[in-house]
Amino acid sequence: QVQLVESRGGLVQAGGSLTLSCAASGRTVGTYVMGWFRQAPGKEREFVAGIDWNGISTKYADSVKGRFTISRDNAKNTVYLQMGSLKPEDTAVYYCAVGDWTTVVSSIPPYWGQGTQVTVSS
C-alpha cells in the first residue's frame, strides 16, 4: 500500500505561482509513475502532469504546458508541482497519485492522495 499526502494548497492571485508537494509513504515509489490531477467544481477529474520513475520522461495536459513543471525526489519519496502564471480556471482540488503510465494518463492510478484546494482569484 502507498499513502500519499499533499501539501496545503492556498489562495493565489491570477498570474501568481504556487508549488505543491506530495509525500509518499508505506512503500517506496521509486519505480512508479507519479502524477498530478485536478477536479474543478462540476467537472470531472482530469490529468495535469506525470513523471516517470527517473524523472526523465514527463507529460502535461495541454492546458498547463509551459506554466506547470512536475519533478520528483526519489530519496524523499516526494513529487512536486510548480505552478506558474496561474489562471482562475486553474482553481480546483489537486490530487497526487501513483501508478504506471497507462493508469496515470487514463486517470485511474491505484493510489491517490486526499487532495488539496488551490484557488486562483482574478
Side-chain angles (χ1 to χ4, degrees):
Q1 287 292 329
V2 177
Q3 292 79 46
L4 301 169
V5 178
E6 295 99 341
S7 60
R8 182 176 295 181
L11 174 63
V12 185
Q13 287 190 332
S17 61
L18 184 68
T19 297
L20 301 178
S21 64
C22 173
S25 62
R27 66 187 289 183
T28 181
V29 294
T31 59
Y32 287 92
V33 171
M34 301 186 80
W36 286 95
F37 299 77
R38 66 186 182 187
Q39 186 167 20
K43 295 187 177 181
E44 293 187 354
R45 190 176 301 185
E46 64 175 357
F47 169 78
V48 174
I51 186 167
D52 70 353
W53 70 274
N54 61 7
I56 293 178
S57 179
T58 58
K59 299 181 188 293
Y60 295 92
D62 288 342
S63 59
V64 306
K65 279 182 182 176
R67 300 189 299 120
F68 290 12
T69 301
I70 188 171
S71 61
R72 67 190 290 169
D73 183 339
N74 286 341
K76 297 181 179 179
N77 265 5
T78 299
V79 63
Y80 304 93
L81 185 67
Q82 295 174 273
M83 303 183 291
S85 301
L86 284 162
K87 305 175 182 179
E89 50 264 45
D90 293 317
T91 295
V93 177
Y94 284 73
Y95 300 86
C96 70
V98 170
D100 57 32
W101 275 125
T102 298
T103 58
V104 167
V105 297
S106 300
S107 297
I108 53 170
Y111 303 108
W112 292 90
Q114 81 286 357
T116 187
Q117 177 70 46
V118 173
T119 302
V120 184
S121 63
S122 58

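Throughout, residue positions are numbered sequentially from 1 according to the sequence presented.
Among Tyr94, Tyr95, Trp112, the single residue meeting the ring-ring contact (aromatic ring centres under 6.0 Å, His included) criterion with Phe37 is Trp112. Of the candidates Val12, Val120, Leu20, Leu20 is the only one forming a side-chain contact (heavy atoms from CB on, under 4.5 Å) with Met83.
To the nearest 0.5 Å, atom OG1 of residue Thr58 and atom NZ of residue Lys65 are 9.5 Å apart. For the atom pair CD1 of Ile51 and CH2 of Trp101, the computed distance is 7.5 Å after rounding to the nearest 0.5 Å. Here the CH2-CZ distance, from Trp36 to Phe47, works out to 12.5 Å after rounding to the nearest 0.5 Å. In this structure, OG1 on Thr91 lies 7.0 Å from CD on Gln117, to the nearest 0.5 angstrom. In this structure, OG in Ser17 is found 12.0 Å from CZ in Arg67, a value given to the nearest 0.5 Å. Atoms CG and CE, from Asn77 and Met34 in turn, are 7.0 Å apart once rounded to the nearest 0.5 Å.
Between Gly99 and Pro110 the shortest heavy-atom distance is CA-CD, 3.8 Å. Across Asn54 and Ile56, no two heavy atoms sit closer than the pair OD1-N, 3.0 Å.
Within the 4.5 Å cutoff, no side-chain heavy atoms of Tyr32 are placed close to those of Pro109. At least one side-chain heavy atom of Arg38 sits less than 4.5 Å from a side-chain heavy atom of Glu46.
Listed for the Thr119 side chain is no donor-acceptor partner under 3.5 Å among the backbone atoms of Leu11. Checked by atom type and distance alone, the side chain of Gln1 never pairs as donor or acceptor with a backbone atom of Gly26 at under 3.5 Å. A donor-acceptor contact shorter than 3.5 Å links the side chain of Asp52 to the backbone of Gly55. No donor-acceptor distance shorter than 3.5 angstrom exists from the side chain of Thr78 to the backbone of Asp73, with no hydrogens or angles considered. A donor-acceptor pair is defined here as one N or O able to donate and one able to accept, closer than 3.5 Å; such a pair exists between the side chain of Asn74 and the backbone of Trp53. Under the 3.5 Å distance criterion, the side-chain polar atoms of Glu6 are matched with a main-chain donor or acceptor of Gln114.
In terms of hydrophobic clustering, with Ile, Leu, Val, Met, Phe, Trp and Tyr side chains grouped at heavy-atom distances under 4.5 Å, Leu86 and Tyr60 are assigned to a common cluster. No continuous path of hydrophobic side-chain contacts links Tyr80 to Val93 [ILVMFWY only; heavy atoms under 4.5 Å]. Val79 and Tyr111 fall within the same hydrophobic cluster, defined by Ile, Leu, Val, Met, Phe, Trp and Tyr side-chain heavy atoms under 4.5 Å apart, directly or through other members. Follow the hydrophobic side-chain contacts under 4.5 Å out from Val64 and you reach Leu81 in the same cluster.
By the 4.0 Å N-to-carboxylate-O rule, Asp90 lies too far from Lys87 to be salt-bridged with it.
Open room surrounds CD on Gln13; 12 or fewer heavy atoms of other groups in view lie less than 6.0 Å from it.
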